[in-house]
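One structure is given here, and the rest of the page talks about it.
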Amino acid sequence: ELVGAQSNRTIASIKDIPDCVPNAFIAIEDNRFYEHNGIDPKGIVRALFVGLSHGGNFSEGASTITQQLIKLTVFDGGAETDTIQRFKRKFQEWYLALKLEKEMSKAEIMEAYLNTIPLTGTIYGMEAGAQEYFGKSVEELSLAECAELASITKNPKSFNPATNPENLLKRRNHVLALMRNQGYITDEECTAAQAEPITLAESKSATEKVTRTSRNSYFDDALFADVTQAIMEQESCTRAEAQDKIFSDGLRIYSTLDQKAQSSMEQVMLNEDTGD
């Protein structure tokens with residue numbers, strides 16, 4: 001039985017999420033969130049300028065939180081490899097972001113965003129992240145932990161708190177500095193939070209993340225990737241549609257996996273890596 005993204009997502013109401021969570025995301029992702037109407041013209045102009053000054057390398061982000069929510073829920077996370085398709089998706093994103101802001105309040109958009117964003121492996125949303133990494137509910141998070149979760153989403157692999165804590169620590173402290181500069185926290189709060197070490201919950205799932213970012217076995221993950229690609233090619237469908245077929249259409253997959261042997265082997269490897 002594979003563990004899918006939807007199976008490790010716990011919806012949290014914006015009323016139960018401490019202010020430091022949305023404030024951290026606004027500080028690092030969209031500091032004009034409460035001012036724009038879905039798109040940020042200043043951010044777009046800045047991104048175009050940086051891209052043109054770097055020989056056409058448009059890697060500078062200009063997506064608002066509203067756009068990011070649409071990209072995650074409508075456009076499969078923006079997985080296009082073709083430049084033309086990427087620009088087409090971006091224009092569609094702008095149009096839908098403007099429409100969404102007319103239909104939903106900022107609080108509703110933020111709540112949906114915080115329950116949708118990917119963290120690592122099969123972990124999606126703030127409540128699942130808080131439980132998996134810190135062993136607590138999102139409403140119990142400290143300021144430092146809020147900034148850590150906001151930091152992971154930039155690149156869940158590079159900023160995985162279990163496998164790349166040094167990278168995450170640097171980005172977390174950058175997020176905290178931005179929160180201070182934008183008036184969300186005081187100098188004292190920033191200094192205290194930056195001094196905190198990254199401390200993960202002592203749990204079986206947290207231990208497993210020392211070596212991987214999924215609750216499936218290595219074999220499961222490789223098999224899942226291969227089957228997803230095969231379905232995309234055979235059915236001419238998107239990655240999201242292929243994954244829906246695997247998790248929701250009753251698909252049976254037969255493989256050479258011996259679950260007991262695989263689990264024993266991974267446990268031996270984990271013990272060797274940790275010196276136990």
Side-chain angles (χ1 to χ4, degrees), residues 9 11-51 58-75 77-78 89-119 124-130 138-139 141-156 159 168 171-187 189-190 193:
R9 185 199 306 270
I11 303 301
S13 168
I14 193 67
K15 297 178 182 178
D16 298 325
I17 299 175
D19 291 342
C20 62
V21 175
N23 289 345
F25 279 96
I26 291 171
I28 190 65
E29 298 288 345
D30 184 5
N31 63 6
R32 286 183 286 274
F33 175 68
Y34 291 111
E35 301 169 17
H36 63 64
N37 60 351
I39 61 175
D40 182 7
K42 292 181 179 179
I44 294 171
V45 171
R46 183 194 68 246
L48 286 173
F49 177 78
V50 172
F58 295 96
S59 58
E60 177 79 7
S63 293
T64 64
I65 284 176
T66 311
Q67 287 177 246
Q68 291 180 41
L69 174 60
I70 290 171
K71 181 171 69 173
L72 290 169
T73 56
V74 179
F75 296 108
R89 187 258 302 166
K90 183 62 68 174
F91 283 116
Q92 292 174 320
E93 238 178 57
W94 291 342
Y95 172 73
L96 292 175
L98 291 171
K99 291 196 66 175
L100 187 63
E101 292 257 354
K102 294 179 180 178
E103 301 294 330
M104 296 173 65
S105 68
K106 291 290 187 179
E108 290 172 328
I109 291 172
M110 180 60 73
E111 180 181 276
Y113 176 75
L114 294 177
N115 283 300
T116 302
I117 50 178
L119 293 173
Y124 284 69
M126 291 296 99
E127 180 62 27
V138 65
E139 57 191 283
L141 292 176
S142 69
L143 173 59
E145 290 165 344
C146 291
E148 285 159 24
L149 289 182
S151 300
I152 294 172
T153 56
K154 173 70 173 180
N155 188 324
F159 299 112
L168 178 60
R171 183 165 176 81
R172 180 203 70 180
N173 289 346
H174 175 58
V175 171
L176 289 167
L178 289 177
M179 293 179 72
R180 176 197 61 203
N181 296 344
Q182 294 174 31
Y184 291 114
I185 58 177
T186 65
D187 288 340
E189 289 172 326
C190 178

Backbone N or O of [Y] within a donor-acceptor pair of the [X] side chain at under 3.5 Å?
{"X": "Glu108", "Y": "Ser105", "result": "yes"}
{"X": "Glu139", "Y": "Asp16", "result": "no"}
{"X": "Asn23", "Y": "Tyr184", "result": "no"}
{"X": "Glu29", "Y": "Ile65", "result": "no"}
{"X": "Gln67", "Y": "Glu93", "result": "no"}
{"X": "Asn115", "Y": "Ala12", "result": "yes"}

Minimum heavy-atom distance [X]-[Y], with the two atoms named:
{"X": "Ala193", "Y": "Ala144", "answer": "O-CB, 3.8 Å"}
{"X": "Leu141", "Y": "Val21", "answer": "CD1-CG2, 4.3 Å"}
{"X": "Cys20", "Y": "Ser142", "answer": "SG-O, 4.2 Å"}
{"X": "Ile70", "Y": "Ala97", "answer": "CD1-N, 3.2 Å"}
{"X": "Ala24", "Y": "Ala150", "answer": "CB-CB, 3.7 Å"}
{"X": "Asp187", "Y": "Arg180", "answer": "OD1-CD, 2.9 Å"}

Is there a side-chain contact between [X] and [Y] (heavy atoms, below 4.5 Å)?
{"X": "Leu176", "Y": "Leu143", "value": "yes"}
{"X": "Glu189", "Y": "Met179", "value": "no"}
{"X": "Met110", "Y": "Ile26", "value": "yes"}
{"X": "Ser151", "Y": "Ile28", "value": "no"}
{"X": "Tyr113", "Y": "Thr66", "value": "no"}
{"X": "Met126", "Y": "Leu119", "value": "yes"}
{"X": "Thr153", "Y": "Gln68", "value": "no"}
{"X": "Leu72", "Y": "Tyr124", "value": "no"}

Worked verdict on Leu114 versus Ile14 for side-chain contact (heavy atoms from CB on, under 4.5 Å): CA-CA 8 Å; Leu114 294 177; Ile14 193 67; 4.1 Å; yes

Gap separating the [atom1] atom of [X] from the [atom2] atom of [Y], nearest 0.5 angstrom:
{"X": "Glu35", "Y": "Asp30", "atom1": "CD", "atom2": "CG", "answer": "9.5 Å"}
{"X": "Lys99", "Y": "Met104", "atom1": "NZ", "atom2": "CE", "answer": "14.0 Å"}
{"X": "His36", "Y": "Leu98", "atom1": "NE2", "atom2": "CG", "answer": "10.5 Å"}

For Glu101, the option from Ile39, Thr64, Leu96, Ile109 that meets side chain to side chain contact (heavy atoms under 4.5 Å, CB included):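 Checked Ile39, Thr64, Leu96, Ile109 against Glu101; only one passes side chain to side chain contact (heavy atoms under 4.5 Å, CB included): Ile109.
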
Test log, rule side-chain contact (heavy atoms from CB on, under 4.5 Å), inputs Asn31 and Leu178: CA-CA 9 Å; Asn31 63 6; Leu178 289 177; over 6 Å; no

Exceeds 12 heavy-atom contacts within 6.0 angstrom, atom NZ of Lys106: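 Check passes, neighbour count above 12.
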
